[in-house]
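Presented below is the structure to which this report refers.
Here the structure is a predicted model, which means the values were calculated and not measured. Indexing begins at 1, ligand by ligand and atom by atom, following the structure's order.
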Amino acid sequence: MNRELFVIFGDPVSHSKSPVMHNMAFKRVGYPGCYGRYRLEDGSKLRDMFFKLELRGCNITVPHKEYAYKACDKLDSFAKRVGAVNTIIYKENQLQGYNTDAPGFLKVLKTMLPNGGKILFIVAGGTAQSTSVILRESGYEVEILNRSEGRLKQFIENGFECYTYDSFNGDGYDIVVNMTSAGLKDNSLPAPKEILNRALSKAIGVIDVVYGSNTPFLEFAKTKGLKTKDGSDMLLYQGVLAFNYFTNEKYDLKDIEYAMRYGLSL
Ligand code: NDP
């Protein structure tokens, strides 16, 4: 039987749980797919490598999502608007790009705050670009806090209220999100404590997009009695949506989620 090949491109990529999630889902639905990982140092080679490996599809993680956007022949309208692609499929002789990070994150947020509310993102990176837009389009008010000014420009141009540590005077947030990698490999919080105290004063919970570890940010929120969520569910839901594209929307999303949740737990 000919198997279709999929990979996740990134650097680093050895930690990625995507292969085990997707392979479990292929097995459950009986799809002839096989999913691996490929460490790609130079993102500009992504398109070449896609064809050399004769892939049917791929996911893209840090730091290549903007290269992935440029590598596509055709873009889904949301990916086009936000300028970031994390899922590519080869279809009709073209590389077609999608963004599943943002709808994945929206689904997680809805489990904590279903009917809109005020959200603070601590970050101004690529993932925040797509997620901030989908949240605003879904009725949430989003503000951005970043440690430095440079990357805030694009958010300001997009109409978001933005702060650096020095200018921060926001309040009234329902959920505060750490979308930086602070706390992934070190013991640091994503912002100074006095800023976090202010940001969290009315919050019901926090989300940290880092997955699989109890970050200092989650610990800090727990000391205040807030609800917490790490990045596992975001990883899961972006994976379910990517799998759905890979397999031409043929299978039940609940089945895919079940198999991927099992894969994540291994
Ligand atoms: P980017 O490199 O585009 O952005 C990094 C951002 O984080 C910048 O705003 C940077 O600030 C800030 N930052 C980095 N380190 C620190 C720190 N120590 N303290 C404060 N701010 C910091 O990354 P992405 O947006 O692509 O990804 C961000 C994170 O989200 C990654 O950890 C990634 O793994 C995670 N992620 C998780 C997913 C999941 O499924 N769970 C899905 C997608 C992403 P500055 O501008 O000053 O440099």
Side-chain angles (χ1 to χ4, degrees), residues 8-22 37 43 59-69 79 82-87 98-109 111 120-134 143-156 160 162-168 176-193 195-196 199 206-213 215-218 220 228-243 257 260-261 263-264:
I8 178 160
F9 286 115
D11 185 18
V13 78
S14 59
H15 65 288
S16 175
K17 289 265 191 183
S18 291
V20 70
M21 284 164 47
H22 283 270
R37 50 169 73 84
N59 286 122
I60 304 93
T61 186
V62 181
H64 298 319
K65 288 181 192 174
E66 280 154 32
Y67 280 116
Y69 174 83
V82 296
V85 160
N86 76 320
T87 301
Y98 301 86
N99 182 302
T100 69
D101 283 330
F105 181 81
L106 176 64
K107 188 160 167 143
V108 174
L109 180 64
T111 64
L120 180 69
F121 275 10
I122 306 178
V123 79
T127 309
Q129 265 182 62
S130 57
T131 43
S132 56
V133 169
I134 204 168
E143 297 189 350
I144 314 282
L145 166 69
N146 199 44
R147 63 180 175 184
S148 62
E149 224 165 303
R151 298 203 222 196
L152 287 175
K153 199 165 161 261
Q154 60 203 340
F155 290 88
I156 294 168
F160 291 100
C162 292
Y163 311 95
T164 61
Y165 296 164
D166 289 341
S167 65
F168 184 64
V176 177
V177 183
N178 173 30
M179 214 171 259
T180 76
S181 49
L184 178 62
K185 288 187 190 132
D186 54 29
N187 217 17
S188 64
L189 288 163
K193 268 191 184 159
I195 288 186
L196 293 181
V206 303
I207 301 174
D208 197 321
V209 296
V210 168
Y211 63 85
S213 72
T215 61
F217 180 61
L218 293 180
F220 186 74
T228 61
K229 225 173 213 319
D230 79 353
S232 308
D233 281 352
M234 179 182 180
L235 179 72
L236 177 81
Y237 295 136
Q238 65 75 29
V240 170
L241 297 173
F243 189 94
E257 181 180 334
M260 287 198 162
R261 211 176 266 289
L264 251 181

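- In this structure the side chain of Thr127 reaches within 4.5 angstrom of the side chain of Met234, judged on heavy atoms.
- The closest approach between a heavy atom of Leu184 and any atom of ligand 1 is not below 4.0 Å.
- Of all protein heavy atoms, the one lying nearest to atom 21 (N) of ligand 1 is Thr180 CG2, 3.4 Å.
- Within the 4.5 Å cutoff, side-chain heavy atoms of Thr61 are placed close to those of Ile8.
- Shown in contact with Val62 at under 4.0 Å from a heavy atom are these atoms of ligand 1, numbered in order with element: 26 (O), 33 (C).
- Side-chain atoms of Phe243 and Met260, non-hydrogen and from C-beta on, do get closer than 4.5 Å to each other.
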From CA spacing to verdict: side chain to side chain contact (heavy atoms under 4.5 Å, CB included), Val210, Ser213: CA-CA 7 Å; Val210 168; Ser213 72; 3.8 Å; yes
Checking Asp233 against Tyr237 for the side chain to side chain contact (heavy atoms under 4.5 Å, CB included) test, could you report, in this order, the C-alpha distance in whole Å, the side-chain angles of both residues, the deciding distance, and whether it holds? CA-CA 6 Å; Asp233 281 352; Tyr237 295 136; 3.9 Å; yes
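- The local environment of CZ in Phe168 is crowded, with over 12 non-hydrogen atoms from other residues, nucleotides or ligands closer than 6.0 Å.
- Nearest non-hydrogen protein atom to atom 6 (C) of ligand 1 is Val123 CG2, 3.3 Å.
- The protein heavy atom nearest to atom 1 (P) of ligand 1 is Arg151 NH1, 3.7 Å.
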Starting from the C-alpha separation in whole Å, work towards a yes-or-no answer on side chain to side chain contact (heavy atoms under 4.5 Å, CB included) for Val177 and Val206. CA-CA 6 Å; Val177 183; Val206 303; over 6 Å; no
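- The side-chain contact (heavy atoms from CB on, under 4.5 Å) test with Val82 singles out one residue from Asp101, Thr131, Asn99, and that residue is Asn99.
- Looking only at atom types and distance, the side chain of Thr215 has a donor-acceptor partner in the side chain of Asp208 under 3.5 Å away.
- Interface of Lys65 with ligand 1, defined as ligand atoms under 4.0 Å from a residue heavy atom, comprises 43 (C).
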Pair Asn146, Ile122 - check side chain to side chain contact (heavy atoms under 4.5 Å, CB included), show working. CA-CA 6 Å; Asn146 199 44; Ile122 306 178; over 6 Å; no
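- Heavy-atom proximity to Tyr211, at under 4.0 Å, picks out these atoms of ligand 1: 41 (N).
- Looking only at atom types and distance, the side chain of Asn86 has no donor-acceptor partner in the side chain of Asn59 under 3.5 Å away.
- Considering backbone and side-chain N/O atoms, Thr127 comes within less than 3.5 Å of an N/O atom of ligand 1.
- Contacts between Pro190 and ligand 1 below 4.0 angstrom, taking non-hydrogen atoms only, involve the backbone exclusively.
- Atom 38 (C) of ligand 1 has its nearest heavy-atom neighbour, among Lys17, Gln238, Met234, in Met234.
- Ligand 1 has a nitrogen or oxygen under 3.5 angstrom from a nitrogen or oxygen of Leu235.
- The atoms of ligand 1 that sit less than 4.0 Å from any heavy atom of Asn146 are 9 (O), 11 (O), 45 (P), 46 (O), 47 (O).
- The N/O atoms of Ala124, backbone and side chain alike, include one that comes under 3.5 Å of an N/O atom in ligand 1.
- In this structure, the protein non-hydrogen atom closest to atom 32 (O) of ligand 1 is Ser181 CB, 3.4 Å.
- Distances below 4.0 Å separate heavy atoms of Met179 from the following atoms of ligand 1: 28 (C), 29 (C), 30 (O).
- The shortest N or O to N or O distance between Asp186 and ligand 1 is not under 3.5 Å.
- Residue-to-ligand polar distances keep Ala182 apart from ligand 1: every N/O pair is separated by 3.5 Å or more.
- Among all non-hydrogen protein atoms, the one lying nearest atom 36 (N) of ligand 1 is Val209 CG2, 4.1 Å.
- Checked against a 3.5 angstrom limit, the closest N/O atoms of Gly126 and ligand 1 fall inside it.
- Checking Ser188 against Asp186 by side-chain atom types alone, a donor-acceptor pair falls below 3.5 Å.
- Distances below 4.0 Å separate heavy atoms of Ser148 from the following atoms of ligand 1: 45 (P), 46 (O), 47 (O).
- Ranked by closest heavy atom to atom 45 (P) of ligand 1, the top entry among Arg147, His15, Lys185, His64 is Arg147.
- With hydrogens and angles disregarded, a donor-acceptor distance shorter than 3.5 Å links the side chain of Ser132 to the backbone of Ala128.
- At the shortest separation from atom 4 (O) of ligand 1 among protein heavy atoms lies Gly125 CA, 3.3 Å.
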